[in-house]
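Counting begins at 1 with the first residue of the sequence.
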Amino acid sequence: MSITRRTLLTATAAGTLLAALWFVPSANATVETTSRSGAATTSAQGAPSTAEDAASGPQLAETGPGTDTTPYLIVGTALLGLGAASVTYSVRRSGARPAL
């Protein structure tokens with residue numbers, strides 16, 4: 001594989017990764033409250049909009065006590081092992097190079 005083709009593949013992989021990360025949602029949360037008139041208002045950054053909300057503060061999503069994380073741990077460990085195996089294979093395939 002030529003140097004030009006390797007550089008092109010690296011640039012393509014980097015561009016694909018950046019494009020995929022574009023769709024990852026940000027962690028900025030908004031709080032919707034309903035005023036007495038019935039109109040929904042949104043306050044940015046989770047800032048309380050009324051005195052009642054100020055006492056309770058921003059609320060986080062309820063995940064519940066029954067959330068099972070075992071599949072995520074298994075798949076994450078498998079992907080980590082796959083990445084380590086890929087790096088090991090690549091290093092062995094390229095062979096030892098003399099230090100400069």
According to side-chain contact (heavy atoms from CB on, under 4.5 Å), who are the partners of Thr70, at least two apart in sequence or on a separate chain?
Asp68, Ile74
Identify each donor-acceptor pair in which a side-chain atom of residues 8-25 lies under 3.5 Å from a protein atom, sequence neighbours left out, and give them as a table.
unit_1, atom_1, unit_2, atom_2, d
Thr10, OG1, Arg6, O, 2.9
Thr12, OG1, Leu8, O, 2.8
Thr16, OG1, Thr12, O, 2.8

Taking only residues two or more places apart in sequence, or in another chain, which ones meet Ser86 in a side-chain hydrogen bond (donor to acceptor under 3.5 Å, both in side chains)?
none
